[in-house]
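Reviewing the structure listed below.
Whatever order the structure lists them in is the order used to number ligands and atoms, beginning at 1. For clarity, every value in this text was computed on a predicted model and none was experimentally measured.
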Amino acid sequence: MNTAQPKKNIAVLISGSGSNLQSIINAVDEKKIHGTVALVVSNNAQAFGLKRAEQHGIPALHLSPAQYSDEQYDLKLLELLHTAHIDLVVLAGYLKKIGAPLLTAFNHAVINIHPSLIPSFCGKGFYGRHVHEAAVAYGVRVSGATVHFVDTGMDTGPIILQKSVPVLASDTAHTLADRVLPIEHELLTRAVSLFCDDRLRVTDRRVTILPSAADKTSE
Ligand code: GRF
């Protein structure tokens, strides 16, 4: 962790339980992420993740898609992010597509966690348990999680981290989801930490992880 530089401000966008959000909050508290969760936004008023944020004194709000066109929604979201001086936007179980204005303003600064090994079981319709249902139905021997930069596609941006888990013959979508979720938390917190330490570089589709300051001094 490079504590010499100012902490980055992180916004986390959620739609549901917020366990990935919680893992980021915990990692910040444990000083594994040199950053601050400065804003949580959900498109779902019932998202438990909003309560998780409030319990930690983090500004959290519901932005209702019903009150805006898609374009106005993105512009409102962009306004909130700029007002909070956000450096990194994390999609953590967020089920609404990010529009071009936000991606332009936050180029290679929006990351997403996906519960499979992209490019398997991703894209339109592959979210939450649907991902695991497809993996079990296909009969894959391994699945896992992927953290990637968000681009204009759906689950198509440059991959930052991946980690696999075995898929057992006895697995259901539920048991596979339970095995993958902790890996999501592990990869997402590590990717956020790397971003906050300015250790991610993107060249075309390839992401390079730069050595830490400690690695450099031990050379
Ligand atoms: C998780 O299964 C994750 O794969 C997907 O959304 C689900 C809920 O995540 N991105 P969370 O508990 O709301 O972070």
Does the side chain of Thr208 reach to within under 4.5 Å of the side chain of Leu200, using non-hydrogen atoms?
no
Charged N to carboxylate O under 4.0 angstrom, Lys51 versus Glu54?
no
What I want to find out is whether Asp197 reaches Lys8 closely enough, with some N-O distance under 4.0 Å, to be called a salt bridge.
no
Hey, can you pull the donor-acceptor pairs under 3.5 Å for the side chains in residues 105-112, sequence neighbours left out?
{"from": "Asn112", "atom 1": "ND2", "to": "His148", "atom 2": "NE2", "distance (Å)": "3.1"}
{"from": "Asn112", "atom 1": "ND2", "to": "Asp155", "atom 2": "OD1", "distance (Å)": "3.4"}

N/O contact list for ligand 1, threshold under 3.5 Å:
{"from": "ligand 1", "atom 1": "4 (O)", "to": "Glu184", "atom 2": "OE1", "distance (Å)": "2.8"}
{"from": "ligand 1", "atom 1": "4 (O)", "to": "Glu184", "atom 2": "OE2", "distance (Å)": "2.9"}
{"from": "ligand 1", "atom 1": "12 (O)", "to": "Ser19", "atom 2": "N", "distance (Å)": "3.0"}
{"from": "ligand 1", "atom 1": "12 (O)", "to": "Ser19", "atom 2": "OG", "distance (Å)": "2.6"}
{"from": "ligand 1", "atom 1": "13 (O)", "to": "Ser17", "atom 2": "N", "distance (Å)": "3.4"}
{"from": "ligand 1", "atom 1": "13 (O)", "to": "Gly18", "atom 2": "N", "distance (Å)": "2.8"}
{"from": "ligand 1", "atom 1": "14 (O)", "to": "Ser19", "atom 2": "N", "distance (Å)": "3.3"}
{"from": "ligand 1", "atom 1": "14 (O)", "to": "Asn20", "atom 2": "N", "distance (Å)": "2.8"}
{"from": "ligand 1", "atom 1": "14 (O)", "to": "Asn20", "atom 2": "ND2", "distance (Å)": "2.9"}

For residues 152-198, pull every pair meeting ring-ring contact (aromatic ring centres under 6.0 Å, His included), keeping only residues two or more places apart or in separate chains.
none
Pairs under 3.5 angstrom only: tabulate donor-acceptor contacts from the side chains of residues 87-103 to other protein residues two or more places apart or in another chain.
{"from": "Asp87", "atom 1": "OD2", "to": "Asn9", "atom 2": "N", "distance (Å)": "2.7"}
{"from": "Lys96", "atom 1": "NZ", "to": "Asp70", "atom 2": "OD1", "distance (Å)": "3.2"}
{"from": "Lys97", "atom 1": "NZ", "to": "Thr152", "atom 2": "O", "distance (Å)": "2.6"}
{"from": "Lys97", "atom 1": "NZ", "to": "Gly153", "atom 2": "O", "distance (Å)": "3.2"}

